[in-house]
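First comes the structure, then the notes that go with it.
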Amino acid sequence: MTTTSRNRRAVITGVHAHVPDYVLTNAELAAMVDTSDEWIVTRTGIQERRILKGEDQGTSVIGIAAVRGLLEKTATRPEEIDLLICATTTPDLLFPATGNIICHAVGATSAFSYDLQAGCSGFLFALVAGAQFIETGKCRKVVVVGADKMSAIIDYSDRATCIIFGDGGGAVMLEPTTEEVGIVDAILRTDGSGEPYLHMKAGGSRRPASFETVAAREHYVYQEGSTVFRFAVKNMADVAFQIMRQNGLGPDEVAFLVPHQANKRIIDATAEKMGIGSDKVMLNIHKYGNTTSGTIPLCLFDYESRLRRGDRLVLAAFGAGFTWGAVYLRWAYDGK
Ligand code: UT7
């Protein structure tokens, strides 16, 4: 789908993020599986990732912390929130939605909320969904959360996946504006033929949990890495380039690429296709790995102090589904 600019746009008026304290280093992983710091850094760019430890700690823990910080920063009372969309692939429970749990915890008593699952593109899909509620005038304050506890579905004896993923996330506030800032355009895509290459085999309605599924280790991320890599490089780069072209944006006009953090080599390929230098690429994969729905708000939060009102940002992602997309927006405020 494609949105075009209208009189009333949705604009990001604040961002906050949260990562758990526990740092899982490459050295610690190398003691668990046959891998090395050198292999992980060269092939992915990841040095460490965060892990949410403890009993009964789900993705909502990350989402609640991010939303509480966001409300404080934007001086918003929780009951002012009209809608909260939580993008996640690792909900606390199959139901009810993690968004409902977050709203209850932060006191967002006037909001309706739901979860959105689009793999690593989840935050972009949720951002665009939230923007529609603002553009139509239905909502005035929409919180979009992107958060995942990937460690809940990672097999720490599988070196092909355990080195990549981490836990974390963030949240943004969307509000209406008629000024020259906000979400200008979006391109979102899905291709269900990607299912065989990246999925979790059991735990859903097709193959509910059983002794057999647990014994067969089917409740973990299954990924054919090099196939996913090929699709990711092509589609993320193409969609980022396409959104620049259809908005008449040259490389000099883009202040930052905000890419999903799956693999530094995918990010480099996207920047190259856009014709922008590494100084314009938000990067924190070395600290957090791939937090799935969390990567883009985590990037915006980490780079917030460097952003200026009017900056043109291109957000881009690729993930399970396959899903992919790009969003072009103009930043609303000077970071401190
Ligand atoms: O965010 C959602 C979407 N996901 C992605 O975008 C991930 C895309 N894929 C990737 O980032 C990369 O494919 C990986 C990082 C997962 C793997 O890197 P790769 O360069 O594609 O490696 P590969 O899977 O082609 O494997 C190359 C070799 C294999 O050994 P042989 O068969 O050549 O002897 C693997 O067994 O590297 C081996 N290998 C490892 N070696 C050391 C795989 N994982 C590891 C490891 N440490 N952790």
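These values consider heavy atoms only, across backbone and side chains, with no hydrogens, waters or symmetry-generated copies. Atoms within a ligand are numbered from 1 in the order they appear, just like the ligands themselves. These figures come from a predicted structure and were not determined experimentally.
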Contact table ligand 1 N or O to protein N or O, d under 3.5 Å:
residue  : atom   : partner : partner atom : Å
ligand 1 : 1 (O)  : H260    : NE2          : 2.9
ligand 1 : 1 (O)  : N290    : ND2          : 2.7
ligand 1 : 4 (N)  : Q223    : OE1          : 3.1
ligand 1 : 9 (N)  : G225    : O            : 3.1
ligand 1 : 11 (O) : N263    : ND2          : 2.7
ligand 1 : 13 (O) : G225    : O            : 3.0
ligand 1 : 20 (O) : R43     : NE           : 3.0
ligand 1 : 20 (O) : R43     : NH2          : 3.1
ligand 1 : 20 (O) : R265    : NH2          : 3.0
ligand 1 : 36 (O) : R159    : NH2          : 2.8
ligand 1 : 41 (N) : W39     : NE1          : 3.4
ligand 1 : 41 (N) : R159    : NH1          : 3.4
ligand 1 : 47 (N) : T35     : OG1          : 2.7
ligand 1 : 48 (N) : T35     : OG1          : 3.1
ligand 1 : 48 (N) : R159    : O            : 3.0

Check: Does a salt bridge link E175 with K141, judged by any charged N lying under 4.0 Å from a carboxylate O?
Finding: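 Judged by the 4.0 Å cut-off on N to carboxylate O distance, E175 and K141 do form a salt bridge.
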Notebook entry, point to check: Are any of the side-chain nitrogens in K287 or D302 under 4.0 Å away from the carboxylate oxygens of its partner?
Noted result: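 A salt bridge links K287 with D302.
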Name the atoms and distances for all side-chain donor-acceptor pairs under 3.5 Å in residues 118-126, with sequence neighbours left out.
residue : atom : partner : partner atom : Å
S121    : OG   : T323    : O            : 3.0
S121    : OG   : T323    : OG1          : 2.9

Next item on the list: Take Q132 and V128 through the test side chain to side chain contact (heavy atoms under 4.5 Å, CB included) and record every step on the way to the result.
Entry: CA-CA 6 Å; Q132 309 307 305; V128 173; 3.6 Å; yes
Checklist line | Side-chain touch E80/M173, heavy atoms, less than 4.5 angstrom | finding: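 Side-chain contact under 4.5 Å: no.
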Notebook entry, point to check: Counting N and O atoms only, with roles assigned by atom type, does the side chain of S110 sit under 3.5 Å from a partner on the main chain of E79, one being a donor and the other an acceptor?
Noted result: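 Indeed, once roles are kept as given, a pair shorter than 3.5 Å links the two residues.
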